[in-house]
Amino acid sequence: MPELPEVEVVRAGLEPAVTGALVTSVTVFDERSLRRHTGPGEDFVDRLEGRTVLSAERRGKFLWLPLGAQARSAGSGQAHSTGTGQARSTGSGQAHSTGSGQATGAEALVVHLGMSGQVLLRDRATDDRLTRIRLDLEHPAHGPLRLNFVDQRIFGSMAIDAMLATPDAAVGLVPSQVAHIARDPLDPLFDDRLFLARLARRNTGVKRALLDQTLLSGVGNIYADEALWAARIHYDQPTSTLSRARAKLLLAEVRLVLAKALGEGGTSFDAQYVNVNGASGYFSHSLNAYGQQGKPCPRCGRPIVRESFMNRGSHFCPFCQRVRLPV
DNA sequence: AAGTAATCCTGATCGC
DNA sequence: TGCGATCAGGATTACT
């Protein structure tokens, strides 16, 4: 499951390769991979071909490529891209998108890997099985390039989305689909105090809170279990009963595990997650709790347990991680 | 209104 | 060898 470290590895791999590249041709093999795009496949293709990729950005598990203004006719050697990036300001549409954030006319290609998505950089001759969307690119310095969006379970998606100026200025623009997501804990502008205050006000279990992308983004099932194990907190401990000290410890452990996994290139099981070159990460060798049911807890030696929770698995040490109610 | 459950998806793997 | 059942869970939608 690609979470923050895996998505960041993809972003970092993409950035030097695609920045400045022109999208020359787009092929949609399966429109279900456009579930987050408003409009049919042809619209996606029309709005992407002829655009230039400006950079590669990320927040939490969302990845996006800001796009330059659209050339008048794709394929022709446009002299001036008579920039009409404007115009498509969604009319009134986004009453729901976030409640905050202002349309700017700028757009981005938003990528979410979902459960099994991969972005693979190839030469023009290479195809990958289960490719749902293919972008052919032309980079002024590096030449032709192919970007295959591969996704077995089709929980991931690509979309052209409007960039909004959020009140949360400083960073500038985020796609409308990302505007309601909180910053991730590796973001230098992540607000610890705000997070701790909101966490304390929640009336739910702590793992539910960790997985809530509007509270903090980038954490999924693997790193939630790992951070909770490291902090010795039970996944269903009510957030309102966590002391501030333990909440701060948890946040610190979240940061640690995300940073460590990032340093090791992410977590790979089989070929479910790979970097843009198709290589696996090594963090699966460092897991203490996730997927370790039946194996001894690296801390106390008692077996790790897996319980069903939120339609997924929760892995923890029943001895080290017990619900502690305040006295 | 906040919190929770349901929903979407299919290739790989397992058991018989 | 074949085939059906099972499994994985992020984000959105739909309820209560």
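Lettering of chains follows the sequences in order, A, B, ..., and the numbering in each one begins at 1.
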Choosing from C:dG10, B:dG11, B:dC9, which nucleotide comes nearest the side chain of A:R132? B:dG11
Please tell me if the side chains of A:L14 and A:V119 come closer than 4.5 Å, counting only heavy atoms from C-beta onward. yes
Mind checking A:R306 for me? I need base, sugar-phosphate or nothing, with any heavy atom below 4.0 Å counting as a touch. sugar-phosphate
How close or far is atom C1' of C:dG10 from atom CD of A:E3, stated in whole angstroms? 9 Å
Which part of the nucleic acid does A:G156 contact within heavy-atom distance under 4.0 Å: base, sugar-phosphate only, or nothing? nothing
A:Q152 side chain, from C-beta outward: closest of B:dG3, B:dG11, C:dA11: B:dG11
For C:dG10 and A:H112 - does any side-chain N or O of the residue sit under 4.0 Å from the phosphate oxygens OP1/OP2? no
OP1 or OP2 of B:dA2 versus the side-chain N and O atoms of A:T204: is any pair under 4.0 Å? no
Atom-to-atom span, CD of A:E6 to P of C:dG10 - whole angstrom: 11 Å
Taking atom P of C:dG10 as reference, at what distance in whole Å does atom CG of A:L4 sit? 13 Å
Could you give the CG-to-P distance, from A:D151 to C:dA11, as a whole number of Å? 13 Å
As a test of reading the structure: which of B:dG11, C:dT12, C:dG10 is closest to the side chain of A:R36, going by heavy atoms? C:dT12
In whole angstroms, how far is the P atom of C:dA8 from the CG atom of A:N221? 10 Å
Nearest to the side chain of A:R35, which nucleotide is it out of B:dC8, C:dG10, B:dT4? B:dC8
Take atom CZ of A:R312 and atom C1' of C:dG10, then tell me their distance rounded to the nearest Å. 7 Å
Any carboxylate oxygen within less than 4.0 angstrom of a Lys/Arg side-chain nitrogen, looking at A:D136 and A:R146? yes
Is it possible for you to check whether A:R299 lies under 6.0 Å from the centre of the six-membered ring of A:W229, through NZ or CZ, and within 45° of that ring's axis? yes
Please determine, for the side chain of A:K61, which listed nucleotide (C:dG10, B:dT4, B:dC9) has the closest atom? C:dG10
Closest listed nucleotide, where the reference is the side chain of A:H180 and the choices are C:dT12, C:dG10, B:dG11: C:dT12
Could you give me the CA-CA distance, side-chain angles and deciding distance for A:I160 and A:H37, then say whether side-chain contact (heavy atoms from CB on, under 4.5 Å) is met? CA-CA 6 Å; A:I160 307 297; A:H37 179 79; 3.7 Å; yes
Just compare C:dA11, B:dG3, B:dG11 and give me whichever is closest to any side-chain atom of A:F62. C:dA11
A:R153 CZ to B:dA12 P: how many Å, rounded? 11 Å
Per side-chain contact (heavy atoms from CB on, under 4.5 Å), A:R183 is matched among A:L216, A:L194, A:D191, A:L189 by A:L189
Specify the residue among A:N203 and A:N311 whose closest nucleotide of DNA chain B lies further upstream toward the 5′ end. A:N203
Find the distance A:R208:CZ to B:dA6:P and express it as a whole number of Å. 11 Å
